[in-house]
Each structure stands twice: as structure tokens, then as C-alpha cells.
Amino acid sequence: MAGASRVFLAHGLEGVSMTRIAAESAVTKVTLYAHFRSKSALFAAVVQHWLDTSLAYSRRLDLPLDEDLHVLLPLVAHSVAHAAGSDVYRALSALVQQPAKLPHAVITSWSARFQRQHALLAAAFAMRHPDTADAHADQFLALVEHGALRSDGGWNTESVVALFRMAYP
């Protein structure tokens, strides 16, 4: 998985062969094909592994079921930013922009990546505005994720939380 990950991160799915992946992984093509019936199947397994690894922190984080947005927003922002700020996450984010190249199961996993954070936020927002709670949760998560994906270093979770608090009715 490590060798295939390096090759796919550097060259994408189309730019590599099983021969190159085998060489980078220090195994034979026969070994690769014994575990993965195709390059696409290997790619799907690698992407799923990246997704699981990059989001493990945010899934493990003990977020409180707290209706106080002043408590919840910074905690959720930190968990999302921690996951989204990694190089692996950035690579995944670029890959999912081309969903035709990814298996449906990977796209489904990606879509649910911040499901837990979304549910906590929606419950807290529903205390004030039940009709728009999901939309507010989506907007907040998108702001945090977008900021974490920036590579210029001019962003932090505190600024997103402060901005969102000012704009939230």
C-alpha cells in the first residue's frame, strides 16, 4: 500500500503501470495481481486507505453533544481542520474532483467524511433555527474545510469560527 500510495500520489491513476507500482513496492506484478485484480482495484484500495487514515483523528475525537455553539464550533473546526490540513487529505480532495476515476464506494465514504461533526452541528443549530440547521452545518464545515485546504498559511480555525459567529443569525 505504501509503494502504491507514493506512485499514485505522484502520478495519479492514469500515469502509472502495475510494473511501476510493483517496482516501487518491492514486489512482483504477480504478487500485486494476487491481491488486486486490476490497477483500478488497487487504486480504490489505496484511496480508501488514505481516506480512513486521514480522517481517523476526527472520527476518534471526543466531541461533546453540546448545544452551546460557542463550545461546539471551535471543537468541530479543530477536528475538521486537523483532518483536512494533511497532505493526504489534499491529495484525496483533488482526486474526488474527478469522481469518474473513483469507485462509488470511495465517493460514498468521502461524502460521509464529516458526518459526525455535521450531526452535532445540525443538532445545535436546530435549537435556534430548525428549518436551516442542516444548511448552517454544511456552510460551517465547508468554510473550515476550504480554509484548511489553503496552503498559504494565512488561515486559522479561530478566524473561521469568529466570522461564522458574526454572520450566524
Chemist: Scan side-chain atoms only and decide if S111 and T108 contain a donor-acceptor pair under the 3.5 Å cut-off.
Modeler: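 Note: S111 and T108 side chains miss the donor-acceptor criterion.
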Chemist: If I take atom CZ from residue F125 and atom CG from residue L72, how far apart are they, to the nearest 0.5 angstrom?
Modeler: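 Answer rounded to 0.5 Å: 8.0 Å.
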Chemist: Do L141 and V76 come close enough that some side-chain heavy atom pair is under 4.5 Å?
Modeler: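 L141 vs V76: side chains touch.
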Chemist: Rounded to the nearest 0.5 Å, what separation is found between the OG atom of S25 and the CZ atom of R20?
Modeler: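 So the OG of S25 and the CZ of R20 are separated by 12.0 Å.
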Chemist: Please list all pairs passing the salt bridge (Lys or Arg N to Asp or Glu O under 4.0 Å) test where one or both residues lie in residues 24-49, with sequence neighbours left out.
Modeler: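 Of all non-adjacent pairs touching residues 24-49, those that pass salt bridge (Lys or Arg N to Asp or Glu O under 4.0 Å) are R6-E24.
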Chemist: Minimum heavy-atom separation for A77 and V144, please, with both atom names.
Modeler: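 Smallest heavy-atom distance, with atoms named: O-CG1, 3.5 Å.
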Chemist: Does atom NE2 (H11) have a neighbourhood of more than 12 heavy atoms from anything else shown, all under 6.0 Å?
Modeler: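 Counting other residues, nucleotides and ligands, NE2 of H11 exceeds 12 neighbours.
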Chemist: If you round to the nearest 0.5 Å, how far is CZ of F36 from CE of M1?
Modeler: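 Going from CE on M1 over to CZ on F36, the span is 5.0 Å.
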Chemist: Measure the CG-CD distance between L120 and Q115 for me, rounded to the nearest 0.5 Å.
Modeler: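 So the gap between those two atoms works out to 11.0 Å.
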Chemist: Should H82 and S79 count as side-chain neighbours, where that means a heavy-atom distance under 4.5 Å?
Modeler: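 No; the side chains remain at least 4.5 Å from each other.
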Chemist: Using every non-hydrogen atom in the two residues, find where L69 and P74 come nearest and quote the distance to one decimal.
Modeler: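 Result for this residue pair: O-CD, 4.0 Å.
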Chemist: Which atom names give the shortest non-hydrogen contact between A122 and A133, and what distance separates them?
Modeler: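 In this case the closest contact between A122 and A133 is O-CB, 3.3 Å.
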Chemist: Return yes if some donor-acceptor pair links the side-chain N/O of R90 with the main-chain N/O of G85 below 3.5 Å, else return no.
Modeler: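 Indeed, once roles are kept as given, a pair shorter than 3.5 Å links the two residues.
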Chemist: Can you check whether M18 reaches L42 side chain to side chain, under 4.5 Å on heavy atoms?
Modeler: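 In contact.
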Chemist: Scan residues 71-82 for pairs that pass salt bridge (Lys or Arg N to Asp or Glu O under 4.0 Å), counting only residues two or more places apart or in two chains.
Modeler: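 Output for this query is empty, none listed.
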Chemist: Got a donor-acceptor contact below 3.5 angstrom from the S38 side chain to the A41 backbone?
Modeler: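 Yes, the answer is positive, given that a donor and an acceptor are paired below the 3.5 Å cut-off.
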Chemist: Quick one: are F8 and V16 in side-chain contact, heavy atoms under 4.5 Å?
Modeler: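 A side-chain contact exists here, since the closest heavy-atom pair is under 4.5 Å.
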Chemist: Parallel, tilted or perpendicular for F140 and F164, by the 30°/60° rule?
Modeler: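 If you compare the ring of F140 with that of F164, the planes turn out perpendicular.
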Chemist: Kindly give the heavy-atom pair with the smallest separation between V46 and A4, and that separation in Å.
Modeler: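 Between these two residues, the closest heavy atoms are CG2-CB, 3.7 Å.
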Chemist: Are the side chain of R113 and the backbone of W110 linked by a donor-acceptor contact shorter than 3.5 Å?
Modeler: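 Yes; at least one donor-acceptor contact below 3.5 Å.
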Chemist: Are any of the side-chain heavy atoms of L121 and L73 separated by less than 4.5 Å?
Modeler: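 Yes, close enough: below the 4.5 Å cut-off.
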Chemist: What's the separation between atom OG in S93 and atom CG in L149, rounded to the nearest 0.5 Å?
Modeler: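 Here the rounded value is 4.5 Å.
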